[in-house]
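Some notes on the structure that comes next.
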Amino acid sequence: MSLIRRGFMWFIGALALGGSSRAGEPKPIPATPQPSVMPRHVLCFLGRAHDLARLSEAARNVIGTGPKGFSIDTDYSQDEADDRMERSFAVCWDRVQPNAWTASDERAVAEHGSVLYVMGPQMTAETAVETSATALLLVQRLIQAGAVAVKGESAGIAHGLARWQELAAQAQMAREAGDKLALGRICRLAFAKRPLEAKGYLESVGFHLVALPEVYAPKSLGSERAVVALMDEVADEIAKRGLEATLRERKASLSFASTYDEDEFKFNPYGIVRLPA
């Protein structure tokens with residue numbers, strides 16, 4: 001089954017289960033990530049009517065000058081509207097960053113007339129941040145070429161055009177400064193989604209796109225905004241100081257029990273850091 005089809009099937013299933021929360025018991029996975037399980041980006045771009053050729057050409061121009069492995073999915077890209085997009089974007093809008101999207105962005109989704117999917121290469125821990133930065137550059141270039149809305153399928157996250165452009169500009173500055181920690185954080189904010197709710201926890205999804213484990217925090221630790229800030233703080237600590245030190249100082253645990261199957265976009269082979277109450 002293709003990655004795009006799996007993504008649509010997950011989305012339909014998630015809606016049936018009540019939105020962004022996952023139902024059912026976690027599925028056990030090996031205590032260490034398997035070499036064959038490597039994250040990858042799948043990006044969804046919406047265009048105006050009959051814009052598929054123009055967006056595809058813009059994507060090829062970026063792909064031709066960046067890291068190898070990005071490609072256009074010709075099976076599911078289409079030069080016509082997809083009536084599932086309004087509902088899909090409604091689930092995926094970033095609800096953490098203030099003004100992450102506007103009524104104009106919602107209108108653009110409703111009125112789109114073409115859909116382009118771009119798939120990234122499989123990423124190792126060493127290549128994840130740089131590849132994610134290239135994915136963000138691709139977003140920026142396709143917005144300049146006329147994309148009216150963008151969604152990251154690998155975590156189910158969407159921002160408005162202005163927010164995507166802001167993140168891309170920040171990533172470029174970090175790249176030019178050689179600040180890999182800042183670049184990783186910006187890419188995480190761009191392509192990961194938080195919070196999702198499940199069984200007394202607020203959860204992240206998408207941290208694997210910058211080679212980090214997910215962070216799950218008990219709701220009892222504070223307001224939703226405070227808990228999300230804590231999740232981001234812990235992710236920053238892992239990136240800067242390492243996983244072992246962060247687990248020790250936070251008295252947290254590392255779990256390899258996931259509600260996602262290994263062949264799903266959202267499966268994180270780096271595990272899940274669970275913070276104590």
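Since the model is a prediction, treat every value here as computed from it, not as a measurement.
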| message | Contact between M38 and M123 at the side-chain level, heavy atoms closer than 4.5 Å - yes or no? | response | no

| field | Heavy-atom side-chain proximity of V273 to S253 below 4.5 angstrom | value | no

| message | Quick check against the 3.5 Å criterion: does H112 have a side-chain atom that pairs as donor or acceptor with the backbone of A49? | response | no

| field | Residues, nucleotides or ligands: over 12 heavy atoms within 6.0 Å of E244 CD | value | no

| task | For S220 and A277, work out which heavy atoms get closest and say how close. | result | OG-CB, 4.0 Å

| said: If you define the side chain from C-beta out and look only at heavy atoms, does anything of M85 sit under 4.5 Å from D82? | reply: yes

| message | Test your reading of the model: is there a side-chain donor-acceptor pair from S204 to the backbone of V215, 3.5 Å cut-off? | response | yes

| message | In the structure I gave you, are the side-chain heavy atoms of V118 and F70 within less than 4.5 Å of one another anywhere? | response | yes

| query | Within a strict 4.5 Å, meaning less than it, do heavy atoms of the C44 and L46 side chains meet? | reply | yes

| said: side chain to side chain contact (heavy atoms under 4.5 Å, CB included), that's the test. Do Y117 and Q78 meet it? Break it down for me. | reply: CA-CA 9 Å; Y117 286 101; Q78 60 186 54; over 6 Å; no

| query | Any side-chain donor-acceptor pair under 3.5 Å between T246 and E237? | reply | no

| For H41, which residues count as a ring-ring contact (aromatic ring centres under 6.0 Å, His included) partner, sequence neighbours excluded? | F191

| query | Is the shortest side-chain N to carboxylate O distance from K180 to E130 below 4.0 Å? | reply | no

| request: List the steps and the verdict of side chain to side chain contact (heavy atoms under 4.5 Å, CB included) for E106 and W101. | output: CA-CA 8 Å; E106 291 180 308; W101 83 97; 3.4 Å; yes

| query | Going by atom types only, do T124 and T127 share a side-chain donor-acceptor pair under 3.5 Å? | reply | yes

| query | Between R163 and E166, is the closest basic N to carboxylate O distance under 4.0 Å? | reply | yes

| query | So, do P39 and Y270 sit near enough that their side-chain heavy atoms are less than 4.5 Å apart? | reply | yes

| Checking D73 side chain against Y76 main chain: does a donor-acceptor pair fall under 3.5 Å? | yes

| Is there a side chain to side chain contact (heavy atoms under 4.5 Å, CB included) between E153 and L43 once you walk through the steps? | CA-CA 6 Å; E153 298 285 2; L43 303 172; over 6 Å; no

Solution key, residues 138-150 side-chain donor-acceptor pairs under 3.5 Å, sequence neighbours excluded:
none

| request: Decide yes or no on side chain to side chain contact (heavy atoms under 4.5 Å, CB included) for V115 and S77, but give the supporting numbers first. | output: CA-CA 5 Å; V115 184; S77 298; 6.0 Å; no

| said: A cation-pi test, strictly: NZ or CZ of R274 under 6.0 Å from the centre of the six-membered ring of Y201 and no more than 45 degrees from its axis. Yes or no? | reply: yes

| task | Could you pull out all residues at least two apart from D236 that satisfy salt bridge (Lys or Arg N to Asp or Glu O under 4.0 Å)? | result | R185, R188

| said: Taking V42's backbone N and O only, do any of them form a donor-acceptor pair with S154's side chain (distance below 3.5 Å, no angle check)? | reply: yes

| said: Under a 3.5 Å distance rule, please check whether W93 uses its side chain to pair with a backbone N or O of A158 as donor and acceptor. | reply: no

| query | Between the main-chain N or O of E80 and the side-chain N or O of S114, is there a donor-acceptor pair closer than 3.5 Å? | reply | no

| query | Charged N to carboxylate O below 4.0 Å: is that the case for K219 and E224? | reply | no

| Worked check of salt bridge (Lys or Arg N to Asp or Glu O under 4.0 Å) between E111 and R48 | CA-CA 8 Å; E111 297 173 356; R48 297 180 178 85; over 6 Å; no

| query | Is there a side-chain contact between V109 and D105, using heavy atoms and a 4.5 Å cut-off? | reply | no

| query | Charged N to carboxylate O under 4.0 angstrom, E233 versus R250? | reply | yes

| request: Determine yes or no for a side-chain-to-main-chain donor-acceptor pair under 3.5 angstrom, with D179 supplying the side chain and A182 the backbone. | output: yes

| query | Any donor-acceptor pair under 3.5 Å linking the side chain of N268 with the backbone of L212? | reply | yes

| query | Does the side chain of K151 pick up a donor-acceptor pair with the side chain of S88 at under 3.5 Å? | reply | yes

| said: Does either side chain, that of T134 or that of R175, offer a donor lying less than 3.5 Å from an acceptor on the other one? | reply: yes

| query | Can you check whether F207's main-chain N or O pairs, donor with acceptor, with E214's side chain at less than 3.5 Å? | reply | yes

